[in-house]
S.K.: 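Quick one: the structure is below, and I'll ask about it shortly.
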Amino acid sequence: MKAFLCALSVFILLSCIVTVNAIYVQRKTDNLADTIDALPQNASEQDIDRIREKWEALEPTINYSVSHGETDQITDALAELEAYRGTEETEKYHAARQRLLDLMHRLSKSEGFSFDNIF
């Protein structure tokens, strides 16, 4: 009986940790996606630097539960957005912005609770 209670306690503790992590990652990535979505047509260096700062603060924490491949894709997309920031190539800037936004939404969805993620 003691072994069962110990196993149940560990299961409940791990379930709580997974739930808190999923909620944290989903909220932070949604917040970052909203910031990216609110970028103006001609984003200034400060706008994108603010996104970079938020991502660099968030990345070490979510690397514990998210594959490095996904976080590397987001880092690369952010670097691409920074590269097209001050250029005349607005189509590439918007494509880079949309790619970064899509990656953020995909990360948020993959870490959230849904029927698809459970089964």
Side-chain angles (χ1 to χ4, degrees):
M1 186 68 176
K2 286 183 182 181
F4 174 74
L5 290 176
C6 184
L8 183 63
S9 298
V10 169
F11 174 74
I12 291 171
L13 178 65
L14 288 175
S15 296
C16 289
I17 291 170
V18 167
T19 302
V20 167
N21 178 63
I23 292 169
Y24 174 79
V25 170
Q26 191 170 21
R27 283 190 180 165
K28 290 295 186 175
T29 54
D30 284 343
N31 184 354
L32 197 51
D34 290 342
T35 304
I36 294 165
D37 196 33
L39 279 175
Q41 294 287 0
N42 297 322
S44 69
E45 193 170 323
Q46 291 177 330
D47 294 329
I48 296 177
D49 286 346
R50 189 168 31 111
I51 293 170
R52 168 70 71 184
E53 289 171 4
K54 285 183 178 184
W55 174 244
E56 287 177 351
L58 178 63
E59 186 180 17
T61 306
I62 67 170
N63 271 337
Y64 290 117
S65 62
V66 176
S67 82
H68 289 280
E70 288 184 70
T71 57
D72 288 346
Q73 286 179 348
I74 291 173
T75 302
D76 293 344
L78 185 55
E80 184 180 359
L81 182 68
E82 289 172 328
Y84 291 122
R85 167 183 52 215
T87 66
E88 297 294 321
E89 302 179 39
T90 57
E91 289 180 19
K92 290 184 179 181
Y93 167 78
H94 291 297
R97 180 179 161 272
Q98 189 59 46
R99 178 175 175 247
L100 181 59
L101 191 58
D102 291 344
L103 287 169
M104 279 296 167
H105 285 304
R106 190 173 73 192
L107 178 62
S108 176
K109 186 177 178 183
S110 70
E111 286 298 305
F113 288 109
S114 70
F115 188 74
D116 293 336
N117 289 349
I118 295 172
F119 297 103

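Everything numeric here is computed off the predicted structure, so don't read it as measured data.
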S.K.: If you measure from CZ on R52 to CD on E82, what distance do you get to the nearest 0.5 Å?
M.R.: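 Between R52 CZ and E82 CD, I get 4.0 Å after rounding to 0.5 Å.
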
S.K.: If hydrophobic residues (ILVMFWY) are linked whenever their side-chain heavy atoms come closer than 4.5 Å, directly or via other members, who joins M1 in its cluster?
M.R.: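 When side chains under 4.5 Å apart are linked, M1 ends up in no cluster with other residues.
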
S.K.: For S15 and T19, which heavy atoms make the closest approach, and how far apart are they?
M.R.: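 Distance-wise, the nearest heavy atoms are O-OG1, 2.8 Å.
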
S.K.: Assess whether side-chain hydrogen bond (donor to acceptor under 3.5 Å, both in side chains) is satisfied between Q98 and D102, documenting all intermediate values.
M.R.: CA-CA 6 Å; Q98 189 59 46; D102 291 344; 2.9 Å; yes

S.K.: Is any side-chain N of the basic residue among D47 and R50 closer than 4.0 Å to the acidic one's carboxylate O?
M.R.: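 A salt bridge links D47 with R50.
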
S.K.: What pair of heavy atoms forms the shortest contact from E80 to R99, and how long is it?
M.R.: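 Answer, listing the atom of E80 first, then R99: OE1-NH1, 3.1 Å.
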
S.K.: So do L100 and W55 actually touch side chain to side chain, heavy atoms under 4.5 Å?
M.R.: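 No. Closest side-chain heavy atoms not under 4.5 Å.
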
S.K.: Given K54 and T35, is the side-chain contact (heavy atoms from CB on, under 4.5 Å) satisfied, shown in steps?
M.R.: CA-CA 10 Å; K54 285 183 178 184; T35 304; 3.1 Å; yes

S.K.: Taking ILVMFWY side chains as joined if any heavy atoms are under 4.5 angstrom apart, and letting links pass through other members, which residues group with Y64?
M.R.: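 For Y64, no cluster forms, as it stays isolated from other hydrophobic side chains.
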
S.K.: Hey, does T75 have a side-chain heavy atom less than 4.5 Å from the side chain of E59?
M.R.: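 Result yes, sub-4.5 Å side-chain heavy-atom pair found.
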
S.K.: Can V10 and L14 be said to form a side-chain contact (heavy atoms from CB on, under 4.5 Å), step by step?
M.R.: CA-CA 6 Å; V10 169; L14 288 175; 4.0 Å; yes

S.K.: Measure the spacing between CG of L81 and NE2 of H94 and express it to the nearest 0.5 Å.
M.R.: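 With rounding to 0.5 Å, CG (L81) is 10.0 Å from NE2 (H94).
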
